[in-house]
Q: 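Take this structure, written in C-alpha cells, and hold onto it; I'll ask about it next.
We count residues from 1, following the sequence as given.
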Amino acid sequence: TINRYSKQGVIESLADRPYENEICIELDNIITHYIFTADTIKNKKDEKLGTVCTFRDITENKLISIELDKKNRELQRLNKELGAYIRIADSLEEEKERARIAREINNTIGQKLTEILLVLEVIKLTNHHDAEIFEGPLNEVIDSCRQVLGEIRVVVSRLIPEKNKGGKQFGQNSDCR
C-alpha cells in the first residue's frame with residue numbers, strides 16, 4: 001500500500017539524490033502499478049526549496065510484461081516438448097532405416113545364400129557317383145554357408161526393432177539347419 005511511502009521515510013531520505021521505485025496500489029480488488037519518483041528542488045544557492053513527487057501509471061505495461069513472461073514460460077515448455085518429439089521422431093526414423101536395411105539384406109544376401117545352401121544340399125544328396133571325392137569340400141561349403149547365414153541373422157536381428165520381429169527370421173528353413 002502507499003502508506004509505506006510516508007513523508008518522513010521517503011521524502012526526507014532523498015538527501016541529494018532522486019528516488020524512484022515501483023509501487024502497487026490495490027483499491028477495490030483492482031491492482032494498479034505506478035512508478036513513484038521524488039526529487040528535491042533547490043535554488044541557485046543549493047538550498048532546498050521543496051520536493052517534487054510524481055506517480056506514473058504503468059499498469060498496462062506491467063500487465064503486458066506479466067503476460068509476456070507467462071507466454072515465454074509457455075514457449076519454453078513447448079520447446080522442450082517439441083525437442084522430446086523430435087528426439088522420438090529421430091529414433092523412429094533410425095528404427096525404420098534399420099528395418100529397411102535388414103529387409104534389403106534378407107531380400108538379397110540372405111535369400112541368395114539360402115538358395116546356394118539348398119543347391120549344395122541337393123548336390124550332396126543326389127551325387128552318389130563321386131560322393132567320396134566331393135563329400136569333404138561340399139560339407140565345408142555347406143558349413144560355411146550356414147555360418148554366414150547365422151552371422152547375417154545376428155546382424156539383422158540387431159538392426160530390426162523388437163516390435164517388428166515376428167514369425168521366422170529370414171533364411172530360416174527347417175531343411176537348411
Q: Can you tell me how far the CD atom of Glu151 sits from the CZ atom of Arg146, to the nearest 0.5 Å?
A: 14.5 Å
Q: Has the side chain of Ser65 got a donor or acceptor atom that lies under 3.5 Å from a matching backbone atom of Asn61?
A: no
Q: By the definition side chain to side chain donor-acceptor pair (under 3.5 Å), identify the one residue from Glu67, His33, Glu22 that meets it with Lys62.
A: Glu22
Q: Do Glu81 and Arg77 have side-chain heavy atoms sitting under 4.5 Å apart?
A: yes
Q: When rounded to the nearest 0.5 angstrom, what distance separates CD1 in Ile152 from CG in Leu113?
A: 5.0 Å
Q: What I want to find out is whether Arg98 reaches Glu95 closely enough, with some N-O distance under 4.0 Å, to be called a salt bridge.
A: no
Q: May I ask you to test the Phe55-Ile23 pair for a side-chain heavy-atom distance under 4.5 Å?
A: yes
Q: Flag yes if Tyr34 and Leu63 sit in one hydrophobic cluster, no otherwise; membership is Ile, Leu, Val, Met, Phe, Trp, Tyr, and two members link when side-chain heavy atoms are under 4.5 Å apart.
A: no
Q: Would you call Leu149 and Leu117 a side-chain contact if the rule is heavy atoms closer than 4.5 Å?
A: yes
Q: Quick one: do Lys70 and Glu74 make a salt bridge, cutoff under 4.0 Å?
A: no
Q: Give the cluster check for Ile31 versus Ile64: same hydrophobic cluster or not, with ILVMFWY residues linked at side-chain heavy-atom distances below 4.5 Å.
A: no
Q: Can you confirm whether Glu47 is buried at CD, in the sense that more than 12 heavy atoms of other residues, nucleotides or ligands lie under 6.0 Å from that atom?
A: yes
Q: If you measure from CD1 on Ile58 to CD1 on Ile35, what distance do you get to the nearest 0.5 Å?
A: 4.0 Å
Q: Asp39 versus Thr51: any side-chain heavy-atom pair under 4.5 Å?
A: no
Q: Can you tell me if Arg56 has over 12 outside heavy atoms packed within less than 6.0 Å of its CZ?
A: no
Q: Atom CD1 in Ile142, atom CD1 in Ile116: separation rounded to 0.5 Å?
A: 12.0 Å
Q: Look only at the side chain of Thr108 and the backbone of Glu104, and say whether a donor-acceptor pair between them is shorter than 3.5 Å.
A: yes
Q: Distance from Ile86 atom CD1 to Ser91 atom OG, nearest 0.5 Å?
A: 13.5 Å
Q: Working to the nearest 0.5 angstrom, can you tell me the gap between Leu75 CG and Leu68 CG?
A: 9.0 Å
Q: Given Ile88 and Leu92, is the side-chain contact (heavy atoms from CB on, under 4.5 Å) satisfied, shown in steps?
A: CA-CA 6 Å; Ile88 289 169; Leu92 290 174; 4.0 Å; yes
Q: Ignoring hydrogens and geometry, is there a side-chain-to-backbone donor-acceptor pair from Asn43 to Lys45 under 3.5 Å?
A: yes
